[in-house]
Amino acid sequence: MAEYLEIRWHGRGGQGAKTAALLLGESAAAAGKYIQAFPEYGPERMGAPVVAYNRISDEPITVHCNVQEPKYVAVLDSTFVGSVNFTDGMPDDGVLIINTEVSPAEMRETLGLGDSAIQVFTVDANKISLECIGRAIPNTPMMGALIKATGLLKLEDLLEDTERKLAKKFRNRPEVIQGNLKAIRRAYEEVRG
Amino acid sequence: MKKTVAYTGNEAVAFGMKQINPDVVAAYPITPQTEIVQIFSNFVADGLVDTEFVTVESEHSAMSAVIGAAAAGARSMTATSSAGLAYMHEVVYIAASMRLPIVMQVVNRALSGPINIHCDHSDAMGERDSGWIQIYAENAQEAYDNLLQAHRIAEHPDVMLPVMVCMDGFIISHALENIELNDDAFVQDFVGSYQPDHYLLDVENPLTVGPLDMFDYYFEHKRHQAEAMRKAKQVIIDVGKAYGEKTNRSYGLYETYQLADAETAIVVMGSTAGTAKAVVNELRKQGQKVGLLKLRSFRPFPHQELAQELQHLKAIAVLDRADSFNAFGAPLFTQTRAALYDLPDRPQMINYIYGLGGRDCDLSQIGQVYQDLQQVVAQGHGGEIVRYLGVRE
């Protein structure tokens, strides 16, 4: 249909799927793109499934409905495997990025994507965020993995913009900001495809 | 200098309120309130505005407080949503009949029950006969722009009516989009200072407000309200044009999209208009003569203008994000259909109730409506006039 790229984020309440969509949207906007970032609000509680979306385009975006054909899908929680169909609506040239310790080949097999042209990437964003931030909040490293797997944004642009955004929220906790930036960089380097 | 940022609708509106720097804001954090007053209260706490921020114990009191402030001569604002607006209902009418130019941001959300806080227009439709001007936005940019125009409309001597600036809950209020901000100096100059003719704190000219008004004059005062609402139409046009001269974003009572040579069209308010534009583009590529009319000013309702703009069509679908149970059509439909009644050769018209309680209204639903309109044209009659879109039957 229209000329825009769609992204879907799957996570659980507390993992920061909505924040990832907002931060990525802001970074893409700062890079001169037209963007949308919005969550699908359900019951808001820790651990409940959360879906968030992005649209990114070189043209103004007028549609205001849910994302149905995401080219990129980022999964923040591997416990969804088997219960949520991540590839729903994805085109053949789609890219799926999953937060898990297993290899892309293993995940591809688990998901039954043997013959599919969809590319699968994996990254252990829990481990990265635990080591860099001190808590298993996989959203920022998943942003790093996503831009590496897709080439959507330049790493330096994402780091610069995320630092600016986090600086507002964590004014008095510079270690949180630096930890998140380190996590993005590590996931960017460690994501496997 | 223009500045483009990525803001949610709530952030955009709160930022607009900061630039307006009203004298008084009163609000209550009912569920569902919006982030707007929360963000605005940060501006107050940080000393970025001169506003007297009144925390009250209910939405009824929030509206009562801004009524008191406006009667005293202060430029007053509030924001609400859903049940909060319903709880204000009694005093919403008082604001209008006292001719107080209050501006209220309404984030449109469903009314319970079953409990639901997602987008539809039921809340504002409950106030459609309260005497407030109602202006709807398609996106965050329009929500911001509409808010900045609202005081000039409300405070115009021909009008002196309160204004509800409406945006779709969650779909716009909680979604991040690119928006172009105006600089503070432009906003302050455009909105201007407020100098009421009559106000309570003018001790040299004492007056009574809100007195008993029996069968001898009440009716005349209602008649004056109707006249002010009629005159508001031209003021909305003038203010929207003046705003466009400075920002390159002009506004009127409505927007037409591919309508001039269209054979069928959708009439709709709010964020779904944007989704429908994408469908119009796609169908136009296939050679179908389809169009769209997005209504911005629901009150005053531009009935002559709509009759003029829609008269050439063969069939029209009016989409309502609220129901008026078994009233033979929801509010936007019944009004639009009435507006076209006197046309010598009037189009076929059907109504769709859609998107209640935040039900997603996607491209395929809109595509279905245009397809249905083709069938209406082929059959020469509307068939089922009032329909439901995207619901399990």
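Chain letters run A, B, ... following the sequence lines, proteins first and then strands; every chain starts at 1.
Note that CG of B:Leu363 is 8.5 Å distant from CD of A:Glu69, once rounded to the nearest 0.5 Å. A distance of 7.0 Å separates OG1 of B:Thr275 from NE2 of A:His64, quoted to the nearest 0.5 Å. Distance NZ/B:Lys277 to CD1/A:Ile61: 14.0 Å, rounded to 0.5 Å. One distance of note links CG of B:Leu176 with CZ of A:Arg55; it measures 13.5 Å at 0.5 Å rounding. Atom CG in B:Asn139 sits 9.5 Å away from atom CD in A:Gln36 (nearest 0.5 Å). Between A:Phe38 atom CZ and B:Ile171 atom CD1 the span is 9.0 Å, to the nearest 0.5 Å.
Ranking B:Ala273, B:Ser271, B:Gly358 against chain A, the residue ahead of the rest is B:Ser271, based on heavy-atom pairs under 4.5 Å. When each of A:Ala29, A:Ala37, A:Ala30 is scored by its heavy-atom pairs under 4.5 Å with chain B, the top score falls to A:Ala37.
You'll find the side chain of B:Glu177 stays beyond 4.5 Å of the side chain of A:Ile35, heavy atoms only.
The environment of A:Glu109 atom CD is sparse: at most 12 non-hydrogen atoms of other residues, nucleotides or ligands sit within 6.0 angstrom. The neighbour count for A:Glu175 CD, taken as heavy atoms of other residues, nucleotides or ligands under 6.0 Å away, is above 12. Within a 6.0 Å sphere centred on NZ of A:Lys127, other residues, nucleotides and ligands contribute 12 heavy atoms or fewer. In this structure, A:Asp92 places its CG atom where only 12 or fewer heavy-atom neighbours from other residues, nucleotides or ligands lie under 6.0 Å away. Annotation for A:Arg135: atom CZ does not count as buried by contact number, only 12 or fewer foreign heavy atoms lying within 6.0 Å. In A:Asn85, the CG atom is crowded: over 12 heavy atoms of neighbouring residues, nucleotides or ligands sit closer than 6.0 Å. The neighbour count for A:Tyr34 OH, taken as heavy atoms of other residues, nucleotides or ligands under 6.0 Å away, does not exceed 12.
Heavy-atom distances place no part of A:Pro60 under 4.5 Å from chain B, backbone and side chain included. With a threshold of 4.5 angstrom between heavy atoms, A:Glu40 does not approach chain B through any atom at all. Looking at B:Ile366, there are no atoms closer than 4.5 Å to chain A (heavy atoms on both sides), in backbone or side chain. Neither the backbone nor the side chain of B:Asn281 comes within contact range of chain A, judged by heavy atoms closer than 4.5 Å. Proximity to chain B is absent for every atom of A:Lys18, based on heavy atoms less than 4.5 angstrom apart. With a threshold of 4.5 angstrom between heavy atoms, B:Glu138 approaches chain A through its backbone and through its side chain.
The shortest heavy-atom contact between B:Ala278 and A:Val63 is CB-CG1, 3.4 Å. The two residues B:Asp362 and A:Gln68 have their closest heavy-atom pair at OD2-NE2, 2.7 Å.
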